[in-house]
Asker: 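Take a look at the following structure, please.
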Amino acid sequence: MMGQRVSLTRLAHEAITPALREGGKAVDATVGNGHDLAFLAAGVGAAGKVWGFDVQEQALTEARHRLPRELASRVTLLHAGHEQLGAHVDGPLDAVMFNLGYLPGGDHAVTTSAGTTMVALEAATSRLRSGGRMTVLAYTGHPGGDAESTAVEAWCKRLSANYRWQLLNPTPPTESTPRLYLVERV
Ligand SMILES: C[S@@+](CC[C@H](N)C(=O)[O-])C[C@H]1O[C@@H](n2cnc3c(N)ncnc32)[C@H](O)[C@@H]1O
């Protein structure tokens, strides 16, 4: 599980990279340990902007401390659920990353959930620029995880022709493996 998390995280970064540009805007919808946050902040350059959401203040505090000093001024951290994205973020966005589930090494009872994730996915995709990209890494095997993962795929299938989506896993995922989705605005 842990190894899969790491390689799918790397795959997500590779998928997002073509959409990142100097002075761009991006969202880390689930800051957690801050790995995706640092990646996005590096990718938007000194004139760029990244919003990071998490419901755990402790995670945000630690992510802020881990962030290289030169990246801090381009990052706005919000102690709020990503379902509030629409109230805080203005587009057009180049990139959005969701890494769902619970924080490894943290409180496994605090997880994302299908209902609020759907609200956030809608708000994020509607703000993507043409060519903008979004990744969603969804996990099964924890309470609510199967339902959330199923909901994410069903949501992808309902996307309009303004978006392309694909499952990026290198091997077809089994019922218990995480799923990495890429959504791109055409
Ligand atoms: C798998 S971790 C994210 C890992 C992170 N991207 C990284 O690079 O370390 C999932 C995170 O989602 C957060 N979370 C749970 N519900 C949320 C919500 N409604 N909005 C934003 N974050 C949420 C959890 O607190 C947890 O830190």
Side-chain angles (χ1 to χ4, degrees), residues 1-17 19-20 26-44 50-68 71-72 74-89 93 95-127 133-149 151-152 155 168-169 173 176-183:
M1 180 74 174
M2 214 48 212
Q4 253 167 4
R5 269 187 191 255
V6 172
S7 63
L8 287 175
T9 300
R10 191 177 309 131
L11 199 56
H13 289 184
E14 286 169 11
I16 286 292
T17 295
L20 291 174
V27 171
D28 182 349
T30 50
V31 169
N33 287 319
H35 303 300
D36 296 333
L37 184 76
F39 161 74
L40 292 170
V44 298
V50 179
W51 291 266
F53 290 83
D54 206 293
V55 291
Q56 298 193 67
E57 194 158 24
Q58 178 76 12
L60 292 172
T61 303
E62 285 169 22
R64 185 178 286 115
H65 285 140
R66 276 197 206 99
L67 202 58
L71 303 181
R74 51 190 98 159
V75 169
T76 300
L77 291 178
L78 295 145
H79 180 211
H82 44 219
E83 60 276 16
Q84 293 178 45
L85 189 149
H88 296 281
V89 173
L93 297 172
V96 182
M97 298 188 78
F98 284 80
N99 187 342
L100 302 174
Y102 57 80
L103 184 61
D107 183 351
H108 290 197
V110 182
T111 71
T112 55
S113 64
T116 43
T117 297
M118 294 305 114
V119 173
L121 290 177
E122 284 292 334
T125 37
S126 69
R127 285 165 178 76
R133 291 180 166 210
M134 179 174 86
T135 52
V136 185
L137 186 48
Y139 301 90
T140 55
H142 63 87
D146 295 1
E148 184 175 42
S149 193
V152 169
W155 175 85
L168 287 183
N169 291 62
S176 62
T177 51
R179 287 158 185 258
L180 175 60
Y181 298 92
L182 171 65
V183 176

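One-based numbering, in listed order, for ligands and for the atoms of each.
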Asker: Below 3.5 Å, N or O to N or O, backbone or side chain included: is there any such pair between Thr30 and ligand 1?
Answerer: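 Min N/O separation from ligand 1 is below 3.5 Å for Thr30.
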
Asker: Ignoring hydrogens, just give me the one of Leu60, Leu103, Asp54 whose non-hydrogen atom is nearest atom 24 (C) of ligand 1.
Answerer: Asp54

Asker: Pull out every atom of ligand 1 sitting under 4.0 Å from any heavy atom of His35, numbered as shown with elements.
Answerer: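 Those atoms are 7 (C), 8 (O), 9 (O).
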
Asker: Is there side-chain contact between Thr135 and Phe98, with heavy atoms separated by less than 4.5 Å?
Answerer: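 With C-beta onward as the side chain, the pair stays apart.
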
Asker: Would you check whether Tyr139 reaches within less than 4.0 Å of ligand 1, judged by its heavy atoms?
Answerer: no

Asker: Contact between ligand 1 and Ala29 is defined here as a heavy atom of the residue under 4.0 Å from a ligand atom; is it met?
Answerer: yes

Asker: Decide yes or no on side-chain hydrogen bond (donor to acceptor under 3.5 Å, both in side chains) for Thr112 and Glu148, but give the supporting numbers first.
Answerer: CA-CA 8 Å; Thr112 55; Glu148 184 175 42; 2.9 Å; yes

Asker: Just distances here: any N/O of Asp36 and N/O of ligand 1 closer than 3.5 Å?
Answerer: yes

Asker: Going by side chain to side chain contact (heavy atoms under 4.5 Å, CB included), Val31 matches just one of Val75, Asp36, Leu60, Leu103. Which one?
Answerer: Leu60

Asker: Can you name the atoms of ligand 1, numbered from 1 with element, that are less than 4.0 Å from a heavy atom of Gln56?
Answerer: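 Heavy-atom distances to Gln56 below 4.0 Å select 24 (C), 25 (O), 27 (O).
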
Asker: Evaluate the ring planes of His13 and Phe39, with Trp represented by its six-membered ring, and classify them as parallel (under 30°), tilted (30 to 60°) or perpendicular (over 60°).
Answerer: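 The arrangement is parallel - the two ring planes meet at less than 30°.
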
Asker: Can you find an N/O atom of Asn33 closer than 3.5 Å to an N/O atom of ligand 1?
Answerer: yes

Asker: Which of the numbered atoms in ligand 1 are under 4.0 angstrom from any heavy atom belonging to Gly101?
Answerer: 10 (C)

Asker: Report the part of Thr111 (side chain from C-beta onward, or backbone N, CA, C, O) that has a heavy atom under 4.0 Å from ligand 1; answer both or neither where that applies.
Answerer: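 Near ligand 1, Thr111 shows its backbone, while the atoms from C-beta on stay back.
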
Asker: Could you tell me which atoms of ligand 1, counted from 1 in the order shown, lie closer than 4.0 angstrom to a heavy atom of Gly81?
Answerer: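 Going through ligand 1 atom by atom, the ones under 4.0 Å from Gly81 are 18 (C), 19 (N), 20 (N).
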
Asker: What about Thr116: any of its N or O atoms under 3.5 Å from an N or O on ligand 1?
Answerer: no

Asker: Can you check whether Leu37's main-chain N or O pairs, donor with acceptor, with Asp28's side chain at less than 3.5 Å?
Answerer: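 Here the side-chain-to-backbone pair exists.
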
Asker: Using heavy atoms and a 4.0 Å limit, tell me yes or no: is Leu100 in contact with ligand 1?
Answerer: yes

Asker: Please work out which of Leu137, Asp107, Thr112 has its closest non-hydrogen atom nearest to atom 14 (N) of ligand 1.
Answerer: Thr112

